[in-house]
Student: 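Dumping the structure here so I can ask a few things about it.
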Amino acid sequence: MPDWPTDPAQLVSAQRLLALETPAAWTPPADYLVAGCWVCFSRGLSGPGRAGDPAWGAAVVLAGGHVVGRSSVAGVATAPYAPGMLALRLGPLLNDVVRRLTPRPDVLLVDATGRDHPRRAGLALHLGAMQSLPTVGVTHRPLLATGTWPADEAGATAALIIDTDPVASWLRSKRGTRPLVVHPGWRVDLDIAVQVVRDSLAGRRTPEPLRLARQSARRARAEQ
DNA sequence: GCGACAG
DNA sequence: ATCTTGTCGC
């Protein structure tokens, strides 16, 4: 496995190569294991931050709605946040958390974009490629893509496009709440990405693997 | 030139 | 991103 890029020029170059790759499409098996990963920072931190910011990462694996594995780690951010460069800030820590995760999930949810990115290679795609793991991105809003919201009905979707390319999808995960953005990641296409997120909702707005990973990361922070 | 900009 | 607080609608 190659090392995680450590400077902006290296990341941009890695993203350009990543965008050209065409790995075999993945489809979920019956009773697949779905994981989520999350990073949280010190309370009160605001703005883009900087390299060395204390950070806590966690990942949770679910099987049929039950937690079957967890990992968490205390570490640091490796760069300030900049749009299109999130992988430089969070990549090494998330890579570490996911590497320690057992059992190995079939698919991983990441709070980041995929093809909705200046070089069509957001962190959800990048993390999956580094881990050889199918990934799905879930964010509150698009990075570059545009599209109107879906109907206010649970499960409704609407296209998010860059130029004419559908790169992500709005998904109304719960009626009466803001829709999520679902991003196909490594080895996952748009329809499968939406299916995986719908499968993991458990009636809430936020997919259960991400909600539990966030909870786990905050718990790790509280123990410091 | 200006604003917007995953987390 | 993170956090609190308040307010509204069911």
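Because the structure is a prediction, the values reported are computed rather than measured. Atom set for the values below is all heavy atoms of this structure, side chains included, hydrogens, waters and symmetry mates excluded. So you know, we letter chains A, B, ... as the sequences are listed, proteins then strands, and number each from 1.
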Student: Mind checking if A:Thr139 touches a base, just sugar-phosphate, or nothing, with heavy atoms under 4.0 Å?
Tutor: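 Sugar-phosphate: the residue A:Thr139, judged by heavy atoms under 4.0 Å, touches backbone atoms but no base.
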Student: Which stems, defined as runs of 3 or more consecutive Watson-Crick or G-U wobble pairs with both pairing distances under 3.5 Å, involve DNA chain C?
Tutor: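 Stems for DNA chain C, defined as runs of 3 or more consecutive pairs: none.
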Student: Apply side-chain contact (heavy atoms from CB on, under 4.5 Å) to the pair A:Arg120 and A:Ile162, showing each step before the final yes or no.
Tutor: CA-CA 10 Å; A:Arg120 305 297 184 271; A:Ile162 295 178; 3.1 Å; yes
Student: Linking Ile, Leu, Val, Met, Phe, Trp and Tyr through side-chain heavy atoms less than 4.5 Å apart, which residues share a cluster with A:Trp56?
Tutor: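 Besides A:Trp56, the hydrophobic cluster comprises nothing; the residue is isolated.
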Student: Looking at A:Gly49 and A:Pro80, what are the two nearest heavy atoms and their distance?
Tutor: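 That closest heavy-atom pairing would be O-CB, 3.1 Å.
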Student: Just to be sure I understand the rule, does A:Leu90 reach a base, reach only the sugar-phosphate, or reach nothing, if contact means heavy atoms closer than 4.0 Å?
Tutor: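 A:Leu90: no heavy atom of the nucleic acid under 4.0 Å.
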Student: With side chain to side chain donor-acceptor pair (under 3.5 Å) as the rule and sequence neighbours excluded, what pairs involving residues 79-92 of chain A come up?
Tutor: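 Listed by first then second residue: A:Asp53-A:Arg89.
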Student: Out of curiosity, does A:Leu93 fall in the hydrophobic cluster containing A:Leu88 (side-chain heavy atoms, cut-off under 4.5 Å, transitive links)?
Tutor: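 Shared cluster, no.
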Student: To the nearest 0.5 Å, what is the distance between CG (A:Leu210) and SG (A:Cys37)?
Tutor: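 These two atoms lie 7.5 Å from each other.
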Student: What salt bridge (charged side-chain N to carboxylate O under 4.0 Å, His left out) pairs are there with at least one residue in residues 132-156 of chain A, not counting sequence neighbours?
Tutor: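 Every salt bridge (charged side-chain N to carboxylate O under 4.0 Å, His left out) pair that includes a residue of residues 132-156 of chain A, provided the two are not neighbours, is A:Asp152-A:Arg172, A:Glu153-A:Arg175.
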Student: Distance from A:Leu18 atom CG to A:Leu125 atom CG, nearest 0.5 Å?
Tutor: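 If we round to the nearest 0.5 Å, A:Leu18:CG and A:Leu125:CG are 4.5 Å apart.
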Student: Just to be sure I understand the rule, does A:Phe41 reach a base, reach only the sugar-phosphate, or reach nothing, if contact means heavy atoms closer than 4.0 Å?
Tutor: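 The answer is nothing, as A:Phe41 stays clear of every strand by at least 4.0 Å.
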Student: Scan A:Gly44 against the nucleic acid and name what it touches under 4.0 Å (heavy atoms): base, sugar-phosphate only, or nothing.
Tutor: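 Touches nothing.
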Student: Report which part of the nucleic acid A:His117 touches: base, sugar-phosphate, or nothing (heavy-atom distance under 4.0 Å, all strands).
Tutor: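 Base contact.
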Student: Using a heavy-atom cut-off of under 4.0 Å over every strand shown, decide if A:Leu144 touches base, sugar-phosphate, or nothing.
Tutor: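 A:Leu144: no heavy atom of the nucleic acid under 4.0 Å.
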Student: I need the full list of side chain to side chain donor-acceptor pair (under 3.5 Å) pairs touching residues 39-50 of chain A, with sequence neighbours left out, sorted by first then second residue.
Tutor: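 For residues 39-50 of chain A: none.
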Student: Transitively linked via ILVMFWY side-chain contacts under 4.5 Å: A:Leu212 with A:Leu94?
Tutor: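 Per the 4.5 Å side-chain linkage, A:Leu212 and A:Leu94 are not co-clustered.
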Student: So what does A:Arg175 hit on the nucleic acid, given a heavy-atom distance under 4.0 Å: a base, only sugar-phosphate, or nothing?
Tutor: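 Nothing, no nucleic acid heavy atom in range.
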Student: Output a table of donor-acceptor pairs, distance under 3.5 Å, between side-chain atoms of residues 23-35 of chain A and any protein atom two or more places apart or on a different chain; print 'none' if there are none.
Tutor:
residue : atom : partner  : partner atom : Å
A:Tyr32 : OH   : A:Asp199 : OD2          : 2.7

Student: Could you write out DNA chain B as a dot-bracket string, with dots for unpaired bases, | for bases paired across to another strand, and Watson-Crick or G-U pairs counted at under 3.5 Å?
Tutor: .......
Student: Using a strict heavy-atom distance below 4.0 Å, which residues from residues 5-23 of chain A are in contact with DNA chain C?
Tutor: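 Within this stretch, nothing sits under 4.0 Å of the strand.
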Student: Do any pairs count as a side chain to side chain donor-acceptor pair (under 3.5 Å) and have a residue in residues 210-221 of chain A, sequence neighbours left out, and if so which ones?
Tutor: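 The answer is A:Arg70-A:Ser216, A:Glu208-A:Arg211.
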Student: So what does A:Arg115 touch, heavy atoms closer than 4.0 Å: a base, only the sugar-phosphate, or nothing?
Tutor: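 No contact at all - A:Arg115 keeps every heavy atom at 4.0 Å or more from the nucleic acid.
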Student: So A:Gly176, base contact, sugar-phosphate only, or nothing? Heavy-atom distance under 4.0 Å.
Tutor: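 No contact.
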Student: Under 4.0 Å between any heavy atoms, over every strand shown, what does A:Gly137 touch: base, sugar-phosphate, or nothing? Just pick one.
Tutor: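 The residue A:Gly137 makes no contact with any strand.
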Student: Among pairs that include at least one residue of residues 176-198 of chain A, which meet side chain to side chain donor-acceptor pair (under 3.5 Å), considering only residues two or more places apart or in two chains?
Tutor: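 As it turns out, the side chain to side chain donor-acceptor pair (under 3.5 Å) pairs with a partner in residues 176-198 of chain A, which skip direct neighbours, are A:Thr139-A:His183.
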Student: Under the criterion side-chain contact (heavy atoms from CB on, under 4.5 Å), I'd like the reasoning laid out for A:Leu123 against A:His117: C-alpha separation, chi angles, the key distance, then a yes or no.
Tutor: CA-CA 9 Å; A:Leu123 176 56; A:His117 183 274; over 6 Å; no
Student: In terms of hydrophobic clusters joined by side-chain contacts under 4.5 Å, are A:Leu133 and A:Val39 together?
Tutor: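 Hydrophobic grouping puts A:Leu133 with A:Val39.
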Student: Which nucleotide span of DNA chain B, 5' end to 3' end, has atoms closer than 4.0 Å to non-hydrogen atoms of chain A?
Tutor: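 Nucleotide range with atoms under 4.0 Å of chain A: B:dC5 to B:dG7.
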Student: Should A:Val73 and A:Leu101 be counted in the same cluster of Ile, Leu, Val, Met, Phe, Trp and Tyr side chains packed under 4.5 Å apart?
Tutor: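 A:Val73 and A:Leu101: separate clusters.
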Student: Can you give me the first and the last nucleotide of DNA chain C (5' to 3') that has an atom within less than 4.0 angstrom of a non-hydrogen atom in chain A?
Tutor: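 In short, chain A contacts DNA chain C from C:dA1 to C:dT4.
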